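Here's the structure, in structure tokens; my notes come after.
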Amino acid sequence: MSRLVIKFGGTSVGSADAIRRAATLTHDLRTAGHQVVVVASAMSGVTDQLLGAAYAAAAGRASQVHDTVAILRTRHLDACQSLLARADYVTRAAIEQRLGDLARLCDALAVLGEASPRALDAVASLGERMSVVLLAAAIHECGTPAVAIDAADIVRTDGVHQAAAPDMDETRRLARAALGPLCEGGTVPVVTGFIGARADGAVTTLGRGGSDYSAAIVGAAIDADEVWIYTDVDGVLTADPRVVAEARTLDVLSFREMSELAYFGAKVLHPKTILPALERGIPLRIKNTFNPGHPGTLVVAQGTDAGVLKGVTAIEKQSLVTIEGRGMLGVPGIAARAFGAVARTGTSVPMISQASSEQSICFVAPQSAVGRVIEALEHEFDRELARQDIERIWALGEVVVVTVVGSAIQKVPGVAGRVFGAIGDAGVNIIAIAMGSSECSISLVVASADAAPALRHVHRLLEA
Ligand code: ADP
Ligand code: ASP
Ligand code: MG
């Protein structure tokens, strides 16, 4: 008998049918004798709608808020009605209460005329707070006792709204106290993904797509034997199936490989999910709710070397920022100052490449942040610019970072050559290159129109 944390993503709880499947899977695992803790996302699309309503409220667009509340009410209450045989007043009332919270929060935002990160978290949290009520009721309906749990009561975080980090010691204490007795007594806790709370009780979120991270946090907190991520594809694929039709499921990956794939754009798993699992040595499994017989992908400490290259990913809508000037040659501290200035804008940089001549530094930043990044750099280097030690700070957008991942890259000679050859065969120009410091990835910057051909050509190397 194992203790499992299983997470259902947005599509997996996106309709009454999907919720019924998720509930049946949970019930079957319980019946097979496992202790099960469920972590659930909001119904697909709901978080976007909630945030849209918050921005609309702050901008004074009351009718949009009203429409969104109505759409969310219909979707959740229809699912409730379809899932539960008897009129279930408790479940309906719980959903109505959350919709009431949404309307009240939006009223407050309309009065203030602005949406702070703290307020956005309060609004965004409501999707998970509604979906868990439905899923818990549906599991109950299958004959397994289940109870909805608000992660604000068990995941303690810092106060960085919209990207909160867990306090693992406190989370461990809270989660064990709340979930342990339920699991041992045969009840399935159904925990809201994505959210947590500060010590003063204010709700926080872990970042978009963060329910995967929640599952790993809860798994680490209660010493789960495995964490299973149920999604809408058969596991981690060699590429995004929406771009590369030939993409196939990977059987096994190491934590490092998974971390690189996720960090460089494989949306199937939130990149932060790896760390809590790795620290406690908890294997992750990525499985398909809609094809549960498929074994999916297992992510463990030691992967396999079979196939040097495991997967290829893309991060879209990026810009390439370049700082250039002959006066930078050999001057210590330029890079530190540059990245210090970028960090102060709150922008994360997925890739850096510096020419060895030290006459230029280039790095990639999200296109949406590039205006404030350049402003910050010009401010930081105003004297160097005036003296023309730095000649230009400029950005090339829109570009895509294409990354090839495989832990054997470091051991096998000629891999980079094969990758560049494949890109050349696609007739694609490489704008910049970086080899991941973990030596398990190679990243290339290409123009956005070239991304799909580059991905497909590099993908052919994976099949060799
Ligand atoms: P969930 O709501 O279950 O968290 P997501 O939409 O966040 O699901 O992630 C699953 C999606 O990730 C898949 O439907 C797929 O389109 C996309 N995806 C991108 N890259 C990959 C990859 N390498 N392997 C699997 N899926 C990928
Ligand atoms: N519902 C949240 C989001 O859409 C978290 C998640 O789905 O993982 O970002
Ligand atoms: Mg996701």
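Numbers for residues simply follow the sequence, beginning at 1. As the structure lists them, so they are numbered: ligands from 1, and atoms in each ligand from 1. As the structure is a computational prediction, the values presented were derived from the model and not from experiment.
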Original post:
With a 3.5 Å cut-off and no angle check, do the side chains of Ser441 and Glu260 form a donor-acceptor pair?
Top reply: yes
Nearest to [atom], what protein heavy atom do you find, and at what distance?
atom                    : result
atom 4 (O) of ligand 1  : Lys7 NZ, 3.1 Å
atom 24 (N) of ligand 1 : Leu237 N, 2.8 Å
atom 12 (O) of ligand 1 : Val268 N, 3.6 Å

Do any nitrogen or oxygen atoms of [X] lie less than 3.5 angstrom from nitrogen or oxygen atoms of ligand 1?
X      : answer
Asp232 : yes
Thr238 : no
Gly10  : yes

Subject >> Sub-4.0 Å heavy-atom approach of Ala239 to ligand 1 >> reply: yes
Subject >> Proximity flag Ala247 to ligand 1, non-hydrogen atoms under 4.0 Å >> reply: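 Heavy atoms of Ala247 never come under 4.0 Å of ligand 1.
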Original post:
Quick one: does ligand 1 sit under 4.0 Å from the side chain of Thr231, the backbone, both or neither, non-hydrogen atoms only?
Top reply: both
Original post:
Restricting to pairs with a member in residues 222-249, which pass ring-ring contact (aromatic ring centres under 6.0 Å, His included), not counting sequence neighbours?
Top reply: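 Sorted pair list: Phe8-Tyr230.
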Show me the short polar-atom pairs for ligand 2: any N or O of it lying under 3.5 Å from a protein N or O, with distances only.
unit_1	atom_1	unit_2	atom_2	d
ligand 2	1 (N)	Thr47	OG1	2.8
ligand 2	1 (N)	Glu128	OE2	2.7
ligand 2	4 (O)	Thr47	OG1	3.3
ligand 2	4 (O)	Arg208	NH2	2.9
ligand 2	7 (O)	Ser41	OG	3.3
ligand 2	8 (O)	Gly209	O	3.4
ligand 2	8 (O)	Gly210	N	3.4
ligand 2	8 (O)	Ser211	N	3.0
ligand 2	8 (O)	Ser211	OG	3.1
ligand 2	9 (O)	Arg208	NE	2.7
ligand 2	9 (O)	Arg208	NH2	3.4
ligand 2	9 (O)	Gly209	N	2.8

**OP:** Taking only heavy atoms of Val236 into account, list the atoms of ligand 1 that are under 4.0 Å away from them.
**Re:** 24 (N)
Original post:
Is it true that Arg176 and Asp223 have a side-chain N and a carboxylate O under 4.0 angstrom from each other?
Top reply: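 Judged by the 4.0 Å cut-off on N to carboxylate O distance, Arg176 and Asp223 do form a salt bridge.
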**OP:** With the side chain counted from C-beta on, respond yes when Ile286 and Val268 share a heavy-atom pair under 4.5 Å apart, and no when they do not.
**Re:**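 Side chain of Ile286 against side chain of Val268, heavy atoms only: contact under 4.5 Å found.
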